[in-house]
Amino acid sequence: MAEVGRAAVRDPGALLPGGFWAAVAVWLERPQVANKRLCGVRLEARRSVAEPRAEDCGQRPNAGREQEERAAAAPGLRPPDGALGPRPSSGPDLGTAGRGPEGARRRRGEERGDGGPGQPREPAVGDAGFPASDLESAWDACFRSQAGGGPEVLAFLAGPPVGPQPGAPRQLDLVLRSVIPKTGPRCPLAVPRREMVVRGRSDLTAPGVGDGREDRVLNVLNGTVTFLPLEEDDRGNLKVETSNVYQIRLSQSREEWFISILIFCPERWHSDGIVYPRPSWLGEELLARLARWSVDSKKSEFKSTLSLISIIKYSKTYQMLKEKYKDMVKVWPEVTDPEKFVYEDVALAAYLLVLWEEEREERGLTAKQSFVDLGCGNGLLVHILSTEGHPGRGIDVRRRKIWDMYGPQTCLEEDAITPNDKTLFPDVDWLIGNHSDELTPWIPVIAARSSYGCRFFVLPCCFFDFIGKYSRRQSRKTQYREYLDFITEVGLACGFHVEEDCLRIPSTKRVCLIGKSRTYSPAREVSMDKQRTRYINSRRGHLASPPGETPASLPPRAAVGHEGHPNGHQALDVGAAEGGAEAPADELWLSGFQPREKVEHLRNCATLPRDFIDQVVLQVAHLLLDREEQISIGDASSSSSKAWNRGGSLSLTEVASELDPETLQRLKRECGGLQTLLRNNHQVFEVLNGRVHIRDWREEQLQRQQHPEAKRRLFSEAFKTRICWFFSHHPDGCVLPSDSCPFAHGPAELRPPRTPKKKKQIL
C-alpha cells in the first residue's frame, strides 16, 4: 500500500465531511469532469451488504460454489461479445434511466437521495440493471476467492480503525459501474471497464480531542471509498483486479482535515492512460479537484450531462460524425468561429440521432423520424440530420452563405415564422428550436397544435417571452435557470411531459428541454387547446403590465373553431381590427409578435464612423498610458534594452467618466456600448473582468503557439494586412520587432488581404 497524494483541506464553511461525499459522488457518477479521456459512466447496480470478515475470505466448498453459480448466472455479469449486457429499461443507468414521466420522477428522487445537504445519493437496494441480489453474489464470489485479494484487500477497505470496534459486522454500500472511455481515431476499440465501488457505514462517533466535544461523525469506515476494478475469468466469473485497486480517504487530525489517495499494490499498478491514469495524476490532478470540490458550497442548478440517452451510443455516434464532418471547419464561409459552430452542431446532431434511435426502439418503429428546424441559422444541423437519413428541412428568416454548399439533399427555406394556424406541421414528428430566440416559447405550442404525435426539442439561449424579451420575476434564481423553468412551464401548459438534459457542447447555454409524450389522451385535445389559449392570454396580460401596475383588461378572444382545421384550434386574442371586426383565426395567435427582421441591423459599433472610433481609441489609450508602468524590452543585460510603457489599468466606469456626454450617448445606442468598442479594437486593448489594459503582444505570441491549427491558419492569412497601432501611436513604438509583429510597421510592409477561395459544394 502506498499513499500517492495527501492534501490538507481548509474548511471555513464547515462543509466537511458532507462536502467530501459530494466530491466523491462527482468522481463516482461523472468522472469525465476530471478525466477528459472518459465519456462517462453507467451505474448498473447498488446494494447494501454486511462487511465480510477476514476469516470468511477462504473458499467454502458448498456456499462458495453456490455463490459462484449465482454470480455467473447474473444478468449483465456475463455480457455477450464484450458488450455491457442488456440495458435496463429503468434504473440508475445514466444513459437510459427512466423513460417518460415516471422515470423522470424516479430520477429526481434519486438525485435528492436521503443523505441530506452535501451528501451523495444513498445507494438504493435493488434499483439496478440486474437484481441487487446478484450484485451481492458477485461481491461474495470475489471475496471468497483468494484470487480476489482476500484479507489484505479487506484490511485495505477498512482503513485505520476509528473508536471502539463493534462486534456486529458493519454495512457496506456497493455500487457497480461501467467506466466508458472516449472512442476516437487513436482509440477506436475502447472497451468499458467495470468497477465495484465500496463505501462503508458506521454509527460510531469519534471523541473530540481534549475539549470533551464530539467530532462530526464520519459515517463511513474512517471516511474511505475504495474502487475495485473487476475482470472476468475464463468461466465468466468476476474477480477483483488487485493491481489497480485504489482508495480515496478523508481523515482528521486535531482541527485539520486531510484527503489522501492510496494505491493497494503500487508496484503492480498498470496505467492504460485512459481509465487508469498514472499514479502521479491521481495524487496531483484528481486529489486537487477533490479537495476543491469538498469545500465548494456552490450547487449546480442543472442535471448531469446526457442523462436521458445512452452515453456509449452517444460517444460512438459523436466520434463518427466528428470524423465525417471535420472538413467543414476548413471550408467555413461564415464570419463565426468555425470550430465552435461545427463541433457544437455535430454534438447536437449526435444527441438527437441517439435520442431518436432509442425512441424507435421504445415504440417499435423502423422509419426514421422527420423534423423541422425552426430558426435553423447556418443549417449545418439540418444538413447532418438529413445526410444521416432523417427527412426534414430548416426554416430561417435570413439565408446564409453556407447554404449553397450543402447540395440539393439539404432542404433549407428562407421564410419568417409567425405563430398562427398557417404555420403548423401536422406531418412532422419533431420540431427543433436550436437557439431559436423569439420562437423558443412558441415551439411547444406549435408542436402541440400541429398534431398529437408531434414532439419538440428546444435549446434555449436568448431570453424571449411570447412577445418581446422575457422579464425576470425571481431574484433567487439565475436568469438562465428562471428562463428554463418558464419554457418548461409552457411545455406543461401545452400538455407535454417535459424532460431536461444537459448537452456536451462548447456553449454556456447547453441545457435542452424535450417534450416526447403528452399528459392527456387524444380525446381531450379540444379542452387542452382551450387551456393553452388561456395560458398564453394570461402571459399577454402579464407582459403588458409595467411593474407595480394593474394589468390592462383584455378584449374578448376570437373563439374560433377554424373551419377545415383538423384540430379546431382557438385563435388567441389578436385584437380588434379596424371597424370593430375581429381578426381571422389564421392571423397571429397573439398580437404584438414580431419575427426577426430579414436584414440584420448591426449595432456592435462596427458601423460607427472610423474617425469617431479612432478618436475614442486614442483618448482611452492616453488615459491608460498616463498611468505609466515601465517594462524593459530587448536584452536586459546589454545596453540595447529600452523601457516600454505598458500603461496601467482602469475600470470601464472610470474610463466612461473621462469621456464627454455626447460620445457616451452615441456609444449607448450600440449593443455593449463602450466595452464593445474597446473589445472590437483588440489590437490595442484587453478587457478583462471589467477592467481595461493596454495589450502586450509578447504575451499574445506565447498564447498563439497553443492555438489549434485552424486559428493559426487565420493568423497567418491576416499577417501584415493592417498597420500596427503601436508603431504609429505608442510613444515607445511597438513592443515587438518588425519581423515578429503580425501588423505592418509602416506602409512598406503592408500586403493585400488574401482573397478567399471559392468554396466547394458539399455533397
Side-chain angles (χ1 to χ4, degrees), residues 302 305 325 328 332 334-353 355 371-385 392-403 406 410 412-419 423 430-447 455-466 468-470 478-488 490-491 498 500-515 593-598 600-604 671-672:
F302 311 110
T305 58
Y325 297 98
M328 289 293 305
W332 192 255
E334 305 292 337
V335 296
T336 51
D337 183 0
E339 290 195 334
K340 177 188 185 300
F341 282 87
V342 170
Y343 293 130
E344 179 173 329
D345 282 351
V346 164
L348 187 52
Y351 185 92
L352 287 170
L353 289 175
L355 180 72
F371 70 93
V372 172
D373 187 352
L374 301 177
C376 62
N378 58 54
L380 180 56
L381 178 61
V382 177
H383 173 66
I384 296 175
L385 295 176
R393 57 193 171 114
I395 306 174
D396 199 278
V397 70
R398 190 170 63 257
R399 186 179 186 84
R400 307 300 201 275
K401 290 182 288 185
I402 197 173
W403 285 15
Y406 292 135
T410 302
L412 298 169
E413 302 173 8
E414 185 180 13
D415 196 9
I417 297 293
T418 54
T423 53
W430 282 82
L431 296 186
I432 298 172
N434 175 22
H435 295 190
S436 47
D437 295 347
E438 72 278 0
L439 286 175
T440 298
W442 286 105
I443 287 178
V445 183
I446 297 173
R455 288 87 77 191
F456 74 85
F457 172 97
V458 292
L459 183 63
C461 180
C462 299
F463 308 139
F464 282 87
D465 210 311
F466 290 113
K469 289 285 188 177
Y470 177 80
T478 64
Q479 186 177 15
Y480 185 41
R481 178 70 265 173
E482 183 181 343
Y483 188 67
L484 291 171
D485 292 344
F486 163 62
I487 301 300
T488 300
V490 174
V498 182
E500 180 179 304
D501 205 354
C502 192
L503 307 180
R504 292 184 183 175
I505 57 176
S507 173
T508 56
K509 306 290 194 309
R510 55 197 186 105
V511 177
C512 67
L513 300 171
I514 302 171
F593 176 83
Q594 290 291 333
R596 192 181 308 176
E597 296 180 3
K598 185 174 182 178
E600 187 175 18
H601 298 286
L602 296 178
R603 292 195 300 125
N604 60 355
C671 293

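Since this is a predicted model, take the numbers as computed values, not measurements.
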query = Mind checking what makes side chain to side chain donor-acceptor pair (under 3.5 Å) contact with D415, not counting sequence neighbours?
reply =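 With neighbours one apart ignored, the set is empty.
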inquiry  = Distance to the ring centre below 6.0 angstrom and angle to the axis at most 45 degrees; does that hold for K469 and F463?
reply    = no
ask   = How long is the span from the CG atom in D437 to the CZ atom in F464, to the nearest 0.5 Å?
value =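 So the CG of D437 and the CZ of F464 are separated by 5.0 Å.
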query = Where does the angle between the aromatic ring planes of F457 and Y351 fall among parallel (under 30°), tilted (30 to 60°) and perpendicular (over 60°)?
reply =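 Geometry flag for Y351 against F457: tilted rings.
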Please answer whether the main-chain N or O of [Y] pairs with a side-chain N or O of [X] as donor and acceptor at a distance below 3.5 Å.
X	Y	answer
W430	V372	no
R399	E414	no
Y480	V511	yes

ask   = By salt bridge (Lys or Arg N to Asp or Glu O under 4.0 Å), which residues pair with E334, not counting sequence neighbours?
value = none
query = Are the aromatic rings of F486 and Y470 close, with centres under 6.0 Å apart?
reply =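 Yes - the distance between ring centres of F486 and Y470 falls below the 6.0 Å cut-off.
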Of the non-hydrogen atoms in [X] and [Y], which two are nearest, and what is the gap between them?
X	Y	answer
L374	L439	CB-CD1, 4.2 Å
C376	W403	SG-CZ2, 3.9 Å
S436	I443	OG-CD1, 3.5 Å
P441	P444	O-CD, 3.5 Å
K509	P460	CB-O, 3.8 Å
R455	A447	O-CB, 4.1 Å

message = Would E500 and R481 count as a salt bridge (Lys or Arg N to Asp or Glu O under 4.0 Å) here? Give the steps.
response = CA-CA 12 Å; E500 180 179 304; R481 178 70 265 173; 2.8 Å; yes
